[in-house]
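One structure is given below, encoded as structure tokens.
As the structure lists them, so they are numbered: ligands from 1, and atoms in each ligand from 1. Because the structure is predicted, anything quoted here is derived from the model rather than measured.
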Amino acid sequence: MSIKYSENKKTFSLNTASATYQLKIGNLGYVKHLYYGDTICDEDMAYLIRRYDRGFSGNPYDSLKERTFSLDAQPQEFTTQQQGDFRINSIEVRNADGSFSFNGRYLSHRIYQGAFTLNGLPTAFATENDTVDTLELVLEDAVSKVQVTLLYSVFEEAEIIMRAARVHNAGDKMIHLERIMSFNIDFLNGKDMDLISLPGRYGQERQVERQPMTHHVHRIRSGRGISSHQQNPFVALAGRTTNEDYGTCYGFALMYSGSFTAEAELDQYDQLRLVMGINDSMFNYPVAPGEDFDTPAVLMTYSHQGLTGMSHNYHKFYRTNLNKSKFVRDVRRPVLINTWEAAFFTFDDVKLVEIARAARDMGVEMMVMDDGWYGKRDDDNSGLGDWYVNENKIKCGLTELVRQINDLGMKFGIWFEPEMVSEDSDLYRAHPDWVMEIPGRHAVRSRNQLVLDVGRKEVQDYLIERVNSILDSANIYYVKWDINRAITDLWSNALPGDRQGEVSHRYVLGLYRILDGIVKTHPDIMFEGCAGGGGRFDTAMLTYFTQYWSSDNTKPLDNLKLHYGSSFLYPVCSMGAHVSEASPMVPFETKAAIAMCGTFGYELDATHMKKKEIRACKKMSDLYHKYYDLNFFGDYYRLSDPFEPVNLVAWESVAEDKSEALVTVITVGLTVNGPQEYIKLKGLDPDRMYRMDYDGRELVLSGSALMNGGIPIPREVPDFTSFIYHLRAVK
Ligand code: GLA
């Protein structure tokens, strides 16, 4: 059992292979957080917590004038509301009498084998190789009878603890949640911690920022209805001196695809509180007597092996415990070509077959028909919502088109953007009330499209029926699921005015229901997510989509940063990355080397390529297959930081048994007559010898030499040269 309860000490110790997380039923039934870090055998770490009379910090009434017990200064597992703790809150509940109060104290607990699941929200699951136990600990407010169950599933070998909170109204009157976080974690000392996040913008997603904790609330949020390009629902807390390889690092990945918040507060005593959950802006959720409200889950991990240790924990887990699709691991993903940058909206069936035929010689195995194939869709002003094949363009019909592509020996993929509608569409004309639009106001347009009220059941049913009927009409192998705007005008015509605070969250729940009805019912189709690039690239989406389009920005050098930031938690096999015609000064080979740090494909017009380029592409497609397993499933190491002024950007994949490694190096700023640059490898077996081709000759070197001496990178080479070194251990 990875969870131990000490009846004597009233502590719960949650143990992964190398970490312990400990909590305790403390004074007056408040549940204290005691410890999260390297494994400890001690049953009770409460000695760490001292109590003092802290001025202006209130004391619970039943502490009987004991002035040293204040929730404002105590580390807690989940907060109360209006009980004298003035730090950021995990919960804000408006009770039936209008009061804002929650005084949650221990009521009961149970421990069981297996992972928890949530109503309507995705969670990670246990595989046959995992030992997983779950603790459910119930806090109750004795007056309102509001209960909060804290859920913890410990994935022992994987070093992951999945948490969530479930609110249950055990009273007899309606309550309203105005804020409910997925978890709360209090560190006893956070002054020397840095907060790492992945901010960005359209075309530049998941950049990396690291800031020292100071005495204010650091807030990372999306209010865009999608997890967003601007912030990713992930933060890490790292020791000030933590680097790639050494030091403590905690990761927190929220499994939610809508507006979210992550708030970290360094308090007056240098304690650090972190909460994450649904963004509480315009959020107000009623919970009727007897009903539950589940928060999204969060995946926490701890490592003392720096940022790399944290990333490895996530990568391994994401490759096995999020998505049961056979395309994650068992079935090799084909090299694809996407028609978007080749044809935009101007194509017909003949042009598509031409692209496929030309692409075949590049080693492409699947053609993806992007936007423009349905309804009246000749530009981005019309057609969204009408998921019927446009037979003016696809004159032979979809079934026949797919047959022709299949006859070329290629698979066929298709694009959808189901959550959106154009005003110029039959769907909008038939159901204008299905859009999000506030009565008496005009909805905000974005890319000239409006947002469907996806929280509404009839909208969900329409989309499930429409998309499934297209998928079932032809031999479709792949779907790209897009969303091309943020969500505004939160209003549902299906709900009365006083329930509009539910709309944003209902949208996300509706989306998950739609995906359950489409993705889960088509196990033989591979799904890729997209949101104008990586605007909804998050952990929850990866439970549905095998991979996610990283960015609409296919410039290879920008992608070096994008991949670096994404790799903090997302594995290579989840990141969509294509070779395109952007950045002509970068050689094709280098573009391909960079796209291989993701799920490889092309985004260009194959019919315009020169013979020489086609041959170069074929070579690269073959290379992608040659190193597929090593690249997708090896341990990934960031060897340099592209946010620093470096001359080389490099990364490495090492096979689990350390028998092989693939090192990619891109020259980005080698000056004339400059110093020799070295790339030091990581993760090899120091005592084994590795063979590699180097500068036209074979080298055999120990893992130790390669990790400590490194590889000298040839420097008199054209700008943006790429080097791919494959190392194989000599038996
Ligand atoms: C978004 C996607 C692109 C493409 C277009 C189609 O911008 O990110 O890859 O699919 O939509 O409209």
Side-chain angles (χ1 to χ4, degrees), residues 200-206 224-230 232 257 336-347 351-352 355 366-387 390 393-394 412-425 445-452 467 470 476 478-487 526-538 541 545-556 558-559 562 566 574-582 595 598-606:
R201 54 189 183 274
Y202 172 77
Q204 301 282 355
E205 298 88 337
R206 297 175 302 287
R224 294 168 187 263
I226 55 176
S227 41
S228 88
H229 303 84
Q230 286 73 12
N232 204 261
S257 311
L336 69 82
I337 190 160
N338 181 293
T339 59
W340 179 241
E341 288 185 28
F344 295 104
F345 296 103
T346 317
F347 60 84
K351 167 88 180 166
L352 293 177
I355 294 180
M366 177 163 76
M367 199 208 62
V368 178
M369 175 172 74
D370 206 277
D371 196 356
W373 58 267
Y374 53 89
K376 182 168 136 287
R377 184 73 167 171
D378 296 324
D379 54 37
D380 54 16
N381 294 313
S382 60
L384 283 170
D386 296 342
W387 301 107
N390 178 338
K393 285 186 182 176
I394 314 298
F412 184 88
I414 192 168
W415 178 98
F416 286 95
E417 191 181 356
E419 299 152 72
M420 297 291 141
V421 66
S422 307
E423 288 156 277
D424 184 2
S425 69
R445 293 189 180 117
S446 182
R447 209 194 188 200
N448 275 346
Q449 60 199 50
L450 302 181
V451 183
L452 286 173
V467 175
I470 298 282
I476 291 169
Y478 161 105
V479 168
K480 176 175 170 189
W481 183 293
D482 210 341
I483 169 171
N484 275 309
R485 61 161 290 179
I487 295 160
M526 172 181 153
F527 286 82
E528 174 159 356
C530 176
R536 200 166 58 188
F537 191 157
D538 59 53
M541 281 291 131
F545 302 139
T546 312
Q547 57 197 50
Y548 213 96
W549 182 223
S550 290
S551 179
D552 276 357
N553 180 356
T554 50
K555 286 190 167 182
D558 284 347
N559 272 267
L562 248 147
S566 307
S574 68
M575 295 184 226
H578 295 171
V579 176
S580 82
E581 278 163 312
T599 67
F600 188 81
Y602 297 92
E603 192 98 8
L604 39 75
D605 191 345

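Side-chain contact, E603 with T554: no donor N or O sits under 3.5 Å from an acceptor N or O.
Between K480 and ligand 1, a contact under 3.5 Å exists for at least one N or O pair. Remark: ligand 1 and G533 share an N or O pair separated by less than 3.5 Å (distance only, no angle test). Between R447 and ligand 1, a contact under 3.5 Å exists for at least one N or O pair.
The protein non-hydrogen atom at the shortest distance from atom 12 (O) of ligand 1 is D371 OD2, 2.6 Å. Among all protein heavy atoms, the one lying closest to atom 2 (C) of ligand 1 is D482 OD2, 3.1 Å. Counting only heavy atoms of the protein, atom 5 (C) of ligand 1 lies nearest to W340 CE2, 3.5 Å. Looking from atom 10 (O) of ligand 1 to the surrounding protein, the closest heavy atom is D370 OD1, 2.6 Å.
Of the residues listed (F416, W340, W415), the one engaging W373 in a ring pair (Phe, Tyr, Trp, His ring centres under 6.0 Å) is F416, and it is the only one. For the ring pair (Phe, Tyr, Trp, His ring centres under 6.0 Å) criterion with F537, the lone passing option out of W549, F545, Y548 is Y548.
By the 6.0 Å contact criterion, CZ on R445 is open, its count of non-hydrogen atoms from other residues, nucleotides or ligands being 12 or less. Counting heavy atoms of neighbouring residues, nucleotides and ligands inside a 6.0 Å radius, atom NZ of K555 does not exceed 12 of them.
The side chain of N484, and not its backbone, has at least one atom closer than 4.0 Å to an atom of ligand 1 (non-hydrogen atoms only; side chain from C-beta on).
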Checklist entry - Where do Q230 and R224 land on the side-chain hydrogen bond (donor to acceptor under 3.5 Å, both in side chains) test, with the steps shown first? => result CA-CA 9 Å; Q230 286 73 12; R224 294 168 187 263; 3.3 Å; yes
Next on the checklist: Determine whether K376 and D424 satisfy the following criterion, salt bridge (Lys or Arg N to Asp or Glu O under 4.0 Å), listing intermediate values before the conclusion.
Outcome noted: CA-CA 9 Å; K376 182 168 136 287; D424 184 2; 2.7 Å; yes
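The closest heavy-atom contact to atom 3 (C) of ligand 1, among the options N553, T554, D552, comes from D552.
Between the side chain of R536 and the backbone N or O of S228 there is no donor-acceptor pair closer than 3.5 Å.
The W415 neighbourhood of ligand 1 comprises atoms 6 (C), 10 (O), 12 (O), with distances under 4.0 Å to a heavy atom of that residue. Here is the list of ligand 1 atoms found below 4.0 Å of a heavy atom in C530: 2 (C), 8 (O).
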